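In this text the structure is predicted, and so the values were computed from the model without any measurement.
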Amino acid sequence: MTQPPPPRPQRLPRLDAHQRHRLGGAFAAGASAAEIYHSVRPGYPAEVIEVLAPDTGSRRALDVGAGTGLLTDQLVQAGYEVTALEPAAEMLGVLRRRHPLLTTIEARVEDLPAHRDVVAEHSIDLVTCGQAWHWIIPELGTQRLAEVLAPGGVLGIVEHQLDTSVPWVHRLSRIMHAGDVHPVEAPPQLGPGFSPPQRTGWHWEDSVTVPGLHALMATRSYHLRATETTREKMRANLDWYLLEHLGHATDSVLQLPYITSAWRSDLVS
């Protein structure tokens, strides 16, 4: 008998400023970790940038929390003049090697006023934030972005998560401590100055191997902060689940379902 998917939580967890900085800092774990992150984290549906594009027709973008440049890639391909903002030097190093001509800033969005020589007030048409809004203090972050957006500008927040409505994926997310159990319909928290965020969503699948899932787990903040004893237990649990419980071979290719949400919010003040 088919079991119904597990219930999803009704609200998002709340992080204070200290927790956001501590957990977000887990990704500053060395260049090798940043390279792994870039190689195993999925990119974004091609339609994301089109959905978020401002009506002004101008193409000046600020990619906030740019990481290794997964969303930056698509902005560049869409013809945007991109400035990439990322606080982790190791992550930004990967982006810089891949896009040596891009303007980059090693800083948090809350510190944007210190970089007015690079990002002036009202100089940006589209701000994007992929997989990073949960590390940002919403009220202050929104204020800083409103200061740099030009009239008619857009804030676009993009989030991936595993599709945990699929029972085997829900259990996988728990083993990986992925945290991908947030309701996809819950809009991001924003401060004043922006229209209510409007969602466009996609369901899609990424082809992964068993070693690829191990590498994906290794990029999660829980794994990065864990002791080696905890990591060994996580690896053993993942192997048991995939190889013994689900019966996959080591070289099996699995179709891992994802949900992507792109939230568009227009500057109104």
Side-chain angles (χ1 to χ4, degrees), residues 27 34 37-38 41-133 135-136 140-160 188 190-191 193-195 197-198 200 202 260-269:
F27 290 106
Y37 181 101
H38 186 77
R41 287 294 182 109
Y44 297 89
E47 301 85 356
V48 164
I49 303 303
E50 181 179 348
V51 165
L52 300 178
D55 299 330
T56 60
S58 299
R59 293 186 174 267
R60 300 167 298 177
L62 174 66
D63 194 15
V64 171
T68 61
L70 292 171
L71 190 54
T72 308
D73 291 348
Q74 293 188 218
L75 288 165
V76 171
Q77 291 168 8
Y80 279 83
E81 177 187 341
V82 184
T83 299
L85 180 75
E86 168 57 45
E90 295 83 358
M91 303 283 274
L92 195 58
V94 175
L95 187 153
R96 284 169 169 162
R97 287 192 292 275
R98 298 177 56 255
H99 295 288
L101 300 182
L102 281 193
T103 301
T104 59
I105 306 172
E106 185 182 328
R108 300 181 60 84
V109 67
E110 294 88 347
D111 301 324
L112 266 175
H115 301 276
R116 286 286 184 258
D117 57 326
V118 181
V119 182
E121 291 187 356
H122 315 306
S123 65
I124 298 296
D125 304 294
L126 172 62
V127 170
T128 55
C129 185
Q131 295 296 93
W133 191 254
W135 304 130
I136 294 170
L140 181 56
T142 306
Q143 176 186 341
R144 295 297 181 238
L145 296 177
E147 291 167 357
V148 300
L149 276 170
V154 171
L155 168 60
I157 298 172
V158 187
E159 294 290 343
H160 282 317
L190 302 180
F194 288 87
S195 65
Q198 300 297 311
T200 303
W202 298 266
T260 297
S261 295
W263 296 93
R264 175 181 172 140
S265 185
D266 294 271
L267 184 69
V268 295
S269 65

Would you name the heavy atoms of [X] and [Y] that are closest together and state the gap between them?
X	Y	answer
Tyr80	Ala53	OH-CB, 3.5 Å
Ala262	Trp202	CB-CZ3, 3.6 Å
Ala89	Glu106	CB-OE2, 3.5 Å
Ala66	Leu95	CB-CD1, 3.8 Å
Glu90	Ala34	O-CB, 3.5 Å
Glu86	Gly67	OE1-N, 2.7 Å

- Task: Please lay out, stage by stage, how Cys129 and Ile136 fare under the test side-chain contact (heavy atoms from CB on, under 4.5 Å).
- Result: CA-CA 10 Å; Cys129 185; Ile136 294 170; 4.0 Å; yes

- Query: Distance-only, no hydrogens or angles: does the Thr68 side chain make a donor-acceptor pair with backbone N or O of Met91 under 3.5 Å?
  - Reply: no

Non-neighbouring partners of [X] that pass side-chain contact (heavy atoms from CB on, under 4.5 Å), sequence neighbours left out:
X	value
Val76	Thr72, Val82, His99, Leu102
Glu50	none
His122	none

- Task: Check whether any side-chain heavy atom of Val109 lies under 4.5 Å from a side-chain heavy atom of Trp133, and answer yes or no.
- Result: no

- Taking the side chain as C-beta and beyond, is there a heavy-atom pair between Thr260 and Val158 under 4.5 Å? yes

- Item | Residues that Tyr44 engages under ring-ring contact (aromatic ring centres under 6.0 Å, His included), provided they are two or more places apart | His160

- Query: What salt bridge (Lys or Arg N to Asp or Glu O under 4.0 Å) pairs are there with at least one residue in residues 52-62, not counting sequence neighbours?
  - Reply: Asp55-Arg264, Arg60-Asp125

- Should we say atom CD of Glu121 is surrounded by more than 12 heavy atoms from elsewhere, each under 6.0 Å from it? yes

- Which is it for Leu267 and Phe194 under the side-chain contact (heavy atoms from CB on, under 4.5 Å) test, yes or no, and what are the steps along the way? CA-CA 5 Å; Leu267 184 69; Phe194 288 87; 3.9 Å; yes

- Note on the structure: Which of Val127, Leu126, Leu155 passes side chain to side chain contact (heavy atoms under 4.5 Å, CB included) with Pro54? It is Leu126

- Task: Step by step, work out the side-chain contact (heavy atoms from CB on, under 4.5 Å) result for Leu70 and Arg41.
- Result: CA-CA 8 Å; Leu70 292 171; Arg41 287 294 182 109; 3.7 Å; yes

- I would like to know whether Ser265 and Leu190 meet side-chain contact (heavy atoms from CB on, under 4.5 Å); could you show each step before the answer? CA-CA 9 Å; Ser265 185; Leu190 302 180; 3.5 Å; yes

Quick check for you: to the nearest 0.5 Å, what is the distance between [X] atom [atom1] and [Y] atom [atom2]?
X	Y	atom1	atom2	value
Leu85	Ile105	CG	CD1	5.5 Å
Leu62	Thr83	CG	OG1	6.5 Å
Asp266	Leu52	CG	CG	10.0 Å

Throw together a table of side-chain donor-acceptor distances under 3.5 angstrom for residues 144-153, partners on residues two or more places apart or in other chains.
{"residue": "Arg144", "atom": "NE", "partner": "Glu110", "partner atom": "O", "Å": "3.3"}
{"residue": "Arg144", "atom": "NH1", "partner": "Glu147", "partner atom": "OE2", "Å": "3.3"}
{"residue": "Glu147", "atom": "OE1", "partner": "Arg116", "partner atom": "NH2", "Å": "2.8"}
{"residue": "Glu147", "atom": "OE2", "partner": "Gln143", "partner atom": "NE2", "Å": "3.4"}

